[in-house]
Amino acid sequence: SGNTSNTNDSGTVTITDNDTPAMSVGDVTVAEDAGTASVAVSIDNPSSVDTVVSITTTDNSATNPDDYTTTTVTATIPAGQTTVDVSIPITDDTTGEPTED
Ligand SMILES: [Ca+2]
Ligand SMILES: [Ca+2]
Ligand SMILES: [Ca+2]
């Protein structure tokens, strides 16, 4: 009503985002002699900025160095997109797996 000295002050409203993407790494089965395994890395919500992911391979039933070479691969999911394929090098050994009857 004009009875204060500062009739034009302003305040700031900060809206915090609640859509932080969660990352998931897909499972894949490939032949031993395929050379590489293509693994899909996805986020559940697209981000407004590029999402950089670092994938490091570790032993499970496959072991380094007979089945693959331990490696770290960096890949980028571009802003606005939700998935990128990461290529993991694998090794073709000469050892057979036991089969079950
Ligand atoms: Ca949001
Ligand atoms: Ca193998
Ligand atoms: Ca083989």
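Order of appearance sets the numbers: ligands from 1, and atoms from 1 within every ligand.
Here the closest heavy-atom approach between residue Asn45 and residue Thr82 is recorded as C-CG2, 4.2 Å. The heavy-atom pair separating Val53 from Met23 by the smallest distance is CG1-SD, 3.4 Å. The two atoms that bring Asp85 and Ser38 nearest to each other are CB-OG, 3.6 Å, heavy atoms only.
Asp17 contributes OD1 as its N, O or S atom closest to the Ca ion (ligand 1). No other N/O/S atom of Glu32 lies as close to the Ca ion (ligand 2) as OE2 does. Distances from the Ca ion (ligand 3) to each N, O or S atom of Asp92 single out OD1 as the nearest. Within Asp67, the N, O or S atom at minimum distance from the Ca ion (ligand 2) carries the name OD1. Sorting the N, O or S atoms of Asp19 by how far they are from the Ca ion (ligand 1) puts OD2 first. With respect to the Ca ion (ligand 3), Asp93 has O as its nearest N, O or S atom.
Surrounding CG of Asn60 are at most 12 heavy atoms belonging to other residues, nucleotides or ligands under 6.0 Å away.
Under the 3.5 Å distance criterion, with hydrogens and angles disregarded, a donor-acceptor pair is assigned to the side chains of Thr72 and Thr56.
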